[in-house]
Amino acid sequence: MSQLQTRFFTDNKKYSVDDVPFSIPAASEVQELSNVINKLLEAKNGSHSQIEFDFLVRGQFLRTSLSNHMEAEGISTEDVVEIEYVERFTAPQPEECMMHDDWISSVEADSEWILTGSYDKTARIWSLEGKAVMTVAGHTDVVKDVAWVRRDGLTSLLLTASLDQTILLWEWNSERNKLKARHCCRGHAGSVDTIATDPTRTKFCSGSWDKMLKIWSAVATEEEEEVEEPPSRPRKKQKTEQLGLTRTPLMTLSGHNEAVSSVLWLDSEEICSASWDHTIRLWDAETGSVKTTLTGSKVFNHISYSPLCRRLASGSTDRHVRLWDPRSKDGSLVLLSLTSHSGWVTAVKWAPSHEHQLVSGSLDNLVKLWDTRSCKTPLTRCSVWTGLTAG
Amino acid sequence: MMRLSVSRPEKLYSTPITDIRNTVGNVPMEWYQDYPHIGYNLDGKKIFKPIRNKDELDEFLDKMENPDYWRTVHDKTTASDIRLTDEQVDLVHRLQKGQFGDVNFNEYEPSVDFFTNEVMIHPVTNRPQDKRSFIPSLIEKEKVSKLVHAIKMGWIKPRKPKETTPQYYDLWAKEDPNAILGRHKMHVPAPKMRLPGHEESYNPPPEYLLTEEERLVWEQQDAEDRKLPFLPQKHSCLRAVPAFSRFIHERFERCLDLYLCPRQRKMRVNVNPEDLIPKLPKPKDLQPFPTTMSLVYRGHTSLVRSISASPTGQWLVSGSDDFTVRFWEVNTGRCMKTLEVGGAVKSVAWNPNPAVCLVAVERTVLLLNPSLGDRLVVSSTDQLITAYEPPEEDKEQAVTWALSEGLEHNMGHRLTLTHPKAVKQVVWHGKGDYLSSVMPDNSSNLQVLIHQVSKRRTQNPFRKNKGLVQCVSFHPLRPYFFVATQRYVRVYNLIKQELTKKLMTNCKWISSMAIHPGGDNLICGSYDCRLAWFDLDLSTKPYKMLRHHKKALRGVAYHRNYPLFASGADDGSVIVCHGMVYNDLLQNPLIVPVKVLKGHQITHDLGVLDVTFHPTQPWVFSSGADTTIRLFT
């Protein structure tokens, strides 16, 4: 029963203990270490309640006993071991269940509102408590993707992309709860599967089954400045009046050989797109040319970028979540491969505030929360009630 | 040294008194014919001819009477007659005889030798010897050195002395030494003769004697088939034993065995059984291929007979026995559209031109426009279908073409082809204009029809009935048409309108057929669990027969881009194989079974009913009797 010298430290000021080396039995697991910390905190602060902690040794999460971990990592047991502890993430409990009539194709949450797109050809806006606020109807076919453009005060702009090859730009007055379609963006020759707004909120990019990406302006302009209506098509005019003025793309980016499944803006200059032709391409938004191509071996379903750690996460049809470095000049450099799903990974998303955390959703009805520092297993998982998760 | 005896010549003739030696010299005396003198003497005085008065008559008289006439000579120089003396006459006589003139000369005198064998005191010559008699010759040395140089330079080749080796004849030169040695080493002795046993005994135990039936059987058998070449006989005592009748025969057989039977030592081959297995590549080298089940498309309520993927890869159409046709979105599994068609759907096929879809329902074939995908393509297809002008003469067709309108049009129907019998399979041509439908019937020749959509024309290409047609297919590139009946696959050339090939499958009942996108290979699945791969350039027999499934095969399919093919069977599994066809026409296709995909459940003894690949990704769809369609990736 050997003992190890350890020193605990944390970023969180609330749970800091003395910076003194402690002698800990080598075979202790996470639970026992957590008890130790709790005892120390109780000794310091009487009103401390039991908290579960998670421990990191040299940036890697502790999953097995301390001695096994150190042996596996090759850390010498002679010196004092620095152990960082953080609050443990527990599995999120489902709070509210919001019902749609049909399958939900996409979700985008804001600070106050949640926007969902559905296979019943509508999109809905919900409050954070789960109350349905507005229904956005106007498409003639299934809504595949939704995105917020801008939210300032009362009016906000949102986008819906659909199987009917159009993208509608809506203006929503949250105070009066009035919705108006401003523009109908036509140009795609196949169903529009994905849209993304740029950080400056003036443009957005869409990817579709016709293998193209198109960049459009996201500014809602007034009627007179837009396309003049030819008088010879009265029926069309009526339709477009209802749906907003027709807008054509600013730029078309072509280069993919198969359908584009996911696009996002890295910054206001670069667009990243993932496609069914097993590649992720980085485009320059000014010139419209491909900057880099990262080649994988399977169809990419979804990608997400984190400016904090500058990594691109991709979900594919082969159950892995892969992390890429978009700045690498080589063809493909998979930095990390997170495997735990048993079905297609249909959605990935980085945590906006945490550098190392990302969420992935898959067709095996599970949503998993990962920390890149502990790459073997996810931190938590929660199961979703039915079928797909796609957003 | 010779001693010469010089003697003074004597005067041969005598002259008259005075010495009148003529000094004119050697001139013809005819010159002095007319002169009175004949010449001049030493003093210079003329020598007058003697008076001659002898004429011809006198000459004649002289000849007759003068006794010395015969010894008188006329001397021209002195112009006088001279009487020869006796010695002179004697000399003349001797000369005429050929003897020496001089009487005193003895020609037989003994010779005086200069060089004799007797050693004389004095040498013949006293000349001293040269130095070169004693020292080696310089000239010869030069000559020899020149010869040596020439030999060294190779200008002169010295003659080698001939080697005299004894020549003999090799008796055994023609024989192969290996054969002899081999024979000696591999000597296999003849097997020993069997020692006589109880059957040969003169008084064998009763169990060795043949019974009547056995004897009859023995007699009827051929000599080679008999176990014993004789009948065992029983004798009471040795005295009663007859002469051995088979003596010569036995010896003859033994001699044949000894020298006529070829005996060879067979080496036991030490072969690992693993070496005999052909080296196929490992499946993980042959990625990508579908490995796991990813999506299940649920929605049908009865067994799904047929599926087809759209050329873009976004949609999947399926037809089922629950009278519906469903359109699915591939990547989500969502059923986008459901169409009631009023009859069990036997076959669906998506047009290579992506907007039109075909459905075979009972007795009709429906062309549907499902309105999925690009709006422009959809509307242009509609325009194409409606922009049809009927020809001037209305020909009687086996099938009635009808344009759909109203409710059916809204649902998506565009054209309806009503057939005389139930349609089992529909298939499109690669270009998208022609299609073929199969109405299996054992007795008629109207089993296969080829239709042209743009002209709304139907043709029956066959006049004779060759058997129950199971399925048909168009060649992807060339104008060939494949018709699979129960046991054979016939290949027809559509332009020449004749039968090109008849492929002999070894199967009893073909169920399905698929053609490789390259156009040179074909696979047939049959109800007796076999999958035959034909290489059309190789032969009409199958190149390989695969028996991976345990039950009847229902569907086979090739991938358009990847070298994969799949087969679905009644055991509920789909077996995906790697089938690489090489561009150079020398290598045979490489077939490696790669994955068994399980997932379907067996319902009513039926498993997987149809298999098709995604057009671009290495994914396979399979539809089963458990009302589901599964996607494997």
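We name chains A, B, ... by the order of the sequence lines, and we start the count at 1 in each one. Remember, predicted model here, so these are calculated numbers, not experimental data.
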Whatever's closer than 4.5 Å to a heavy atom in chain A on B:M336 counts as side chain
Within the 4.5 Å heavy-atom criterion, are B:Q617 and A:T317 side-chain neighbours or not? no
On a heavy-atom basis, the closest approach of A:W276 and B:V330 is CH2-CG1, 4.3 Å
Candidate pair B:T633 and A:K298, rule side-chain contact (heavy atoms from CB on, under 4.5 Å), full reasoning: CA-CA 9 Å; B:T633 65; A:K298 300 280 166 147; over 6 Å; no
Worked verdict on A:L163 versus B:Q314 for side-chain contact (heavy atoms from CB on, under 4.5 Å): CA-CA 11 Å; A:L163 215 62; B:Q314 199 178 2; 4.2 Å; yes
Gap between atom OG1 of B:T312 and atom CG of A:D210 - 0.5 Å precision: 11.0 Å
Spacing of CH2 belonging to A:W344 relative to CG belonging to B:L631, to within rounding of 0.5 Å: 5.0 Å
B:D285 atom CG: more than 12 heavy-atom contacts under 6.0 Å: yes
Quick check on A:D164 against chain B: is it the side chain, the backbone, both or neither that has a heavy atom closer than 4.5 Å? both
Are there over 12 heavy-atom neighbours, none belonging to B:K337, within less than 6.0 Å of that residue's NZ? yes
Interface moiety of A:K144 toward chain B, non-hydrogen atoms closer than 4.5 Å: side chain
Residue B:T292 versus chain A: region with a heavy atom under 4.5 Å: side chain
